[in-house]
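What you see below is based on every heavy atom in this structure, not just the backbone, and it leaves out hydrogens, waters and symmetry mates. Everything quoted here is computed from the prediction, not taken from an experiment.
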Amino acid sequence: MLFWAGNSIVGRAVRADIPPFTLAFGRWVIAVLFVAPLALPKLRAQWPQVRARAGWLVLLGFLGVVCFNSFVYSGLHHTSATNALLLQAAVPSCVLLFDFLLFRGRPAGLQVAGVAVSTLGVLFIVFRGDWAAVEALEIGGVGDALILCGVVCWAFYTVLLRKKPEVDAPVFVFLTFLLGAIALAPLAAFEAARGLTVVWSWPVVGAFVYVGLFPSVLAYFIYIAATMQLGPARAGQGITLMPLFGALLSALLLGEDIALFHAVGMGLILAGIVLGAFALRAGAKSPVALRAPRG
């Protein structure tokens, strides 16, 4: 969760030095290079499984790699890292909704209550604690809207993970990362053609290395190990902690202010996590979508 939180922190910190699509493209190129030695020896043997569900693989790569990261990095040019991270706490509620609509998933009542409370916290942040804005349907700005679009893409991605090819994790990760890098290449080239280029410095190099290695490669495999030891329900619940880590990091590292509406929203999100923990203790099953890694 700490690595994933750092992704938004870094994206916000280098927004003036790296165009958003260029950052996303560089991230997945680096990730592909790191994962390739693990995936390529197995790819040939597992190619029949890949070919059998190639369409789903392309869709998952498009939603989880191209769309999600493009929306997040673009949104970070217009909103704070604190808002971007906290808004991602809306993922569980979107997941429950899409899982029901697409696969008729039926979560336990206590789990729904936990998600509802966390969502209330997200809404409090989106409308900046001003409920009068709800009547006008005004949100914090274009940056928050872009982040919420990314949340929707990620929720669809995680719900549809059940359709992925039955291959080893390194093969699946490598192929989706590769598809994402290919799709983002023309968008990064378009930015360069418009004169939006990277302002190179050692911190910028470090930013590319961080986003390509820590939230893309290491966090994914750490999460797999956690899932094997704790089970998918308990490990998946930890995703909701990521925005809270990020909000604190953005205050410490970026000097962003945490306003009263942030604190109230964080408190509600934490309350939702507690309800979710009680649901797990009661034997409730979390939806498959919450098992997916955050990119």
Side-chain angles (χ1 to χ4, degrees), residues 1-32 60-91 139-158 176-201 203-217 219-220 242-243 245-247 249-250 253-254 256 293-295:
M1 300 308 139
L2 188 63
F3 290 156
W4 285 332
N7 182 48
S8 291
I9 302 297
V10 171
R12 176 67 176 172
V14 299
R15 66 189 185 281
D17 300 317
I18 310 175
F21 291 118
T22 302
L23 179 59
F25 172 68
R27 172 184 179 178
W28 298 119
V29 168
I30 294 170
V32 165
L60 287 167
F62 180 72
L63 289 172
V65 176
V66 179
C67 293
F68 173 72
N69 291 280
S70 298
F71 277 127
V72 169
Y73 288 144
S74 297
L76 285 167
H77 280 243
H78 305 283
T79 192
S80 67
T82 299
N83 267 29
L85 287 157
L86 290 171
L87 289 173
Q88 290 178 60
V91 166
I139 61 175
V142 64
D144 290 353
L146 289 169
I147 298 298
L148 288 174
C149 288
V151 164
V152 171
C153 291
W154 185 259
F156 272 119
Y157 167 79
T158 52
T176 53
F177 286 3
L178 181 61
L179 287 170
I182 293 172
L184 286 164
L187 297 175
F190 177 72
E191 285 182 331
R194 293 177 55 205
L196 301 175
T197 56
V198 178
V199 181
W200 289 104
S201 65
V204 166
V205 173
F208 272 115
V209 172
Y210 178 85
V211 299
L213 179 59
F214 289 89
S216 302
V217 178
Y220 184 89
M242 186 270 293
F245 285 143
L249 286 174
S250 65
L253 301 178
L254 299 181
E256 294 183 356
R294 176 163 304 280

S.K.: Measure across R12 and H78 and return the closest heavy-atom pair with its distance rounded to 0.1 Å.
M.R.: NH1-N, 4.2 Å
S.K.: Under the side-chain contact (heavy atoms from CB on, under 4.5 Å) rule, collect the residues that match up with T197, sequence neighbours excluded.
M.R.: none
S.K.: Which heavy atom in L184 sits nearest to a heavy atom in W28, and how many Å separate them?
M.R.: CD1-CD1, 3.6 Å
S.K.: Taking all heavy atoms of P215 and all of V211, pick out the closest pair and write down the distance.
M.R.: CG-O, 3.5 Å
S.K.: Going by ring-ring contact (aromatic ring centres under 6.0 Å, His included), name the residues that satisfy it together with F245, two or more places apart in sequence or in a different chain.
M.R.: none
S.K.: Supply the atom-to-atom distance N69 CG to R27 CZ, rounded to the nearest 0.5 angstrom.
M.R.: 4.5 Å
S.K.: Sequence neighbours left out, what passes side-chain hydrogen bond (donor to acceptor under 3.5 Å, both in side chains) with T22? Give chain and number order.
M.R.: E191
S.K.: Please find the pair of heavy atoms, one from W154 and one from G64, that lie closest to each other, and give the distance.
M.R.: CZ3-O, 3.6 Å
S.K.: Just to verify, what does F62 make a ring-ring contact (aromatic ring centres under 6.0 Å, His included) with, not counting sequence neighbours?
M.R.: none
S.K.: Working to the nearest 0.5 angstrom, can you tell me the gap between L63 CG and F156 CZ?
M.R.: 8.0 Å
S.K.: Taking all heavy atoms of T158 and all of A155, pick out the closest pair and write down the distance.
M.R.: OG1-O, 2.9 Å
S.K.: Who are the side-chain contact (heavy atoms from CB on, under 4.5 Å) partners of V32, not counting sequence neighbours?
M.R.: F174, F177, L178
S.K.: Please enumerate all residues that pass side-chain contact (heavy atoms from CB on, under 4.5 Å) together with V204, with sequence neighbours excluded.
M.R.: D17, I18, V198, W200, S201, F208
S.K.: Working to the nearest 0.5 Å, report the span between CG of D144 and OG1 of T79.
M.R.: 4.0 Å
S.K.: Which distance, rounded to the nearest 0.5 Å, do you find between the CZ of F68 and the CD1 of I147?
M.R.: 8.0 Å
S.K.: Sequence neighbours excluded, which residues qualify as side-chain contact (heavy atoms from CB on, under 4.5 Å) partners of L2?
M.R.: L249
S.K.: Looking at every non-hydrogen atom in both residues, tell me the closest pair between L76 and R15 and how far apart they are.
M.R.: O-CD, 3.6 Å
S.K.: List for me each residue that meets ring-ring contact (aromatic ring centres under 6.0 Å, His included) alongside F214, sequence neighbours excluded, and say none if there are none.
M.R.: F3, Y210
